[in-house]
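Values below: all heavy atoms of this structure, side chains included; hydrogens, waters and symmetry mates excluded. Residue numbers start from 1 in every chain, and the chains themselves are labelled A, B, ... in the order their sequence lines are given, proteins ahead of strands.
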There are 2 protein chains.
Amino acid sequence: MSLAVSLLRLSTILNAMVLNVLVAEQPITNADKTFVRLRNDIVEGVVPAGSKLSEMELSTKYAVSRAVVREAINRLESCHLVERKANVGAKVVALTEQGLNELYQVRESLEGMAARLAATQMTDLEIADLNDLLSSHFQTVKTGETYYQEAGDVDFHYRIILGSKNNHLITMLVDGIYHLIRMYRVQLGMAGPRVTTAFDEHKHIVQAISNRDPELAEMLMRRHIQYTKKNLAKKLES
Amino acid sequence: MSLAVSLLRLSTILNAMVLNVLVAEQPITNADKTFVRLRNDIVEGVVPAGSKLSEMELSTKYAVSRAVVREAINRLESCHLVERKANVGAKVVALTEQGLNELYQVRESLEGMAARLAATQMTDLEIADLNDLLSSHFQTVKTGETYYQEAGDVDFHYRIILGSKNNHLITMLVDGIYHLIRMYRVQLGMAGPRVTTAFDEHKHIVQAISNRDPELAEMLMRRHIQYTKKNLAKKLES
DNA sequence: CTCGTTAATTTTGTCGACAATAAAGGGTGA
DNA sequence: TCACCCTTTATTGTCGACAAAATTAACGAG
């Protein structure tokens, strides 16, 4: 038991380290902080979808100059979280059915590729660690704590994306579209019966990766994402 | 004959319009112009791969303020053409074998998807126009003018990408990685025997799209890109 | 002569002010 | 009342100057 616990702790620590290496290179500027804060506010819906972003307003709100707000907004545009028009301003993207469809078409393709690559590129150690993460999720699901499932799911997908070892792919997904995916999930209210079935899907994906079976891993990941999308599409209708 | 010529002209005009709609929404700021100029200089190798970008230097060179240069550099970072480190500066990316592999893995997946979607989403008119473009390329190839082949190839791929009708996909490819692809092509010196075989591959892809055969279109596009990559990889070794 | 430390210089990050553009409001004529 | 034009207002684009950080150079100790 103590071994299992220590493994889980190690897993958590490693995960935090991996995220830090990706997200936070040593020097953090004000623009970085503003970017992250504003991004969170948008994903969480504190700044409503479709609303206009006033540079002056934000600069007073976050107590920084307009220049850093502008840089933050520019980066948000790269994430597809806001849309800018010259001499007009920036608006938070709207959550539409078409947008969801297009986003998930791309996500399915990219994460399918990530799973395929991960099946050949991940080290045995990383795969073992992924199994540990799955076990820790099983504990959580069993005890009925669905609250952290969303974060856990993000963690799971992160591992596989990083496991692809393709820096372009990693950047596109992590810096590119993942926050938009989270935005749909958070604002459409993810919870409910899918968490347990999703766990089974995760398990099968990990098995395919453990067996070094790229084609199966890709197919299972694509289906997993298709299911997720259908689930989201339902919520978007209402 | 006059009909064929007029069709070709129409094709060229339409193509220019499509590009303008994508690239240039009416108001163009100085930041836009600087971004485009600097991007071209990087792609063409005027600013060498791997070199450092000095904000002050560029601001004097392009006769704009540092703020404008900074915005341009930020956008170039989104295109994966430069890499920035806080408090240090921006460097033009280096052209490496690993980078080429990773880039083309992503490109194969995304453009494969584009071809698949285009087979179902393009209108009959757009497909007819694509065939016209192919004919015009045939004329060019037959007369031995390989100079414009690179631009023609870019045109061809653009059409299919736009034909996917998936805005996320379009943005990722056109604004995202396509200039980096061009950078590899230009700086490794694309020309030579592959232009004619590439033409045949283009022809087969268009046939698959005309037959509304998504799976075949994707497979042919993926292979076409694989061939291109092998060709580039050879040049990179020398 | 080499290494480590400190001072000088260069470069990036941040700020507030001004200019240019677009949106909002008021007025006139039909 | 509606449409159009002009004026006013607010917002974004651009600039130069200052602050902070990193790089380079100078210096001295071993």
Colleague: Under the 6.0 Å and 45° cation-pi test, does A:Arg159 pair with A:Phe156?
Modeller: no
Colleague: CZ of B:Arg84 versus C1' of C:dT11: gap in Å, rounded?
Modeller: 13 Å
Colleague: Nearest of C:dG13, D:dT12, C:dT11 to any side-chain atom of A:Arg70?
Modeller: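 The nucleotide sitting nearest to the side chain is D:dT12.
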Colleague: Looking at B:Lys52, I'd like to know whether one of its side-chain N or O atoms comes within less than 4.0 Å of OP1 or OP2 on C:dT12.
Modeller: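 Yes, because at least one side-chain N or O of B:Lys52 sits under 4.0 Å from OP1 or OP2 of C:dT12.
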Colleague: What nucleotide among C:dC15, D:dC15, C:dG13 has an atom nearest to a side-chain atom of B:Asn30?
Modeller: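 Selected nucleotide: D:dC15.
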Colleague: With a 4.5 Å heavy-atom cut-off, do A:Glu71 and B:Arg70 have their side chains touching?
Modeller: yes
Colleague: What is the ring orientation for B:His224 with B:His157, classed by angle as parallel under 30°, tilted 30 to 60°, or perpendicular over 60°?
Modeller: parallel
Colleague: Where each residue is assigned the nucleotide of DNA chain C containing its nearest heavy atom, which of A:Ala63 and B:Ala90 is assigned the position nearer the 5′ end?
Modeller: B:Ala90
Colleague: Calculate the interatomic distance between B:Glu71 atom CD and D:dT12 atom C1'; express it in whole Å.
Modeller: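 To the nearest whole Å, that distance equals 11 Å.
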Colleague: Classify the nucleic acid contact of B:Leu53 as base, sugar-phosphate or nothing, counting any heavy atom under 4.0 Å across all strands shown.
Modeller: sugar-phosphate
Colleague: Ignoring the backbone of B:Val68, work out which of C:dG13, D:dT14, C:dC15 is nearest its side chain.
Modeller: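 Output: D:dT14.
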Colleague: Establish, yes or no, whether the cationic atom of A:Arg182 lies under 6.0 Å from the six-membered ring centre of A:Tyr178 and within 45° of the ring axis.
Modeller: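 Judged by the rule, A:Arg182 and A:Tyr178 form no cation-pi pair.
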Colleague: Report the nucleotide, chosen from C:dT14, D:dT12, C:dA23, that has the shortest atom-to-atom distance to any side-chain atom of A:Val88.
Modeller: C:dA23
Colleague: Can you tell me if B:Ser65 touches the phosphate of D:dC15, counting only side-chain N or O atoms and a distance under 4.0 Å to OP1 or OP2?
Modeller: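 Looking at the OP1 and OP2 atoms of D:dC15, one of them is under 4.0 Å from a side-chain N or O of B:Ser65.
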Colleague: Rounded off to whole Å, could you give me the CG-to-P distance for the B:Asp32 and C:dT21 pair?
Modeller: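 Atom-to-atom, B:Asp32 to C:dT21, this comes out as 13 Å.
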Colleague: Whole angstrom is fine here: how far is it from CG in A:Asn87 over to P in C:dT21?
Modeller: 7 Å
Colleague: Could you state the CZ-C1' distance from B:Phe35 to D:dG13, rounded to the nearest angstrom?
Modeller: 17 Å
Colleague: Once you round it to whole Å, what is the distance between P of C:dG16 and CD of A:Glu55?
Modeller: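 Answer to the nearest Å: 15 Å.
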Colleague: If you only use heavy atoms from C-beta on, which nucleotide in D:dC15, C:dG13, D:dT14 is closest to the side chain of B:Arg66?
Modeller: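 Looking only at heavy atoms from C-beta outward on B:Arg66, the closest nucleotide is C:dG13.
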Colleague: Verify the distance criterion only: is there a donor paired with an acceptor across the side chains of A:Asp32 and A:Thr29 at less than 3.5 Å?
Modeller: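 There is such a pair between these side chains.
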Colleague: A:Ile28 has an atom CD1; how far is it from atom C1' of D:dA20, in whole Å?
Modeller: 16 Å
Colleague: Rounded to the Å, how far apart are B:Met56 CE and D:dA21 P?
Modeller: 20 Å
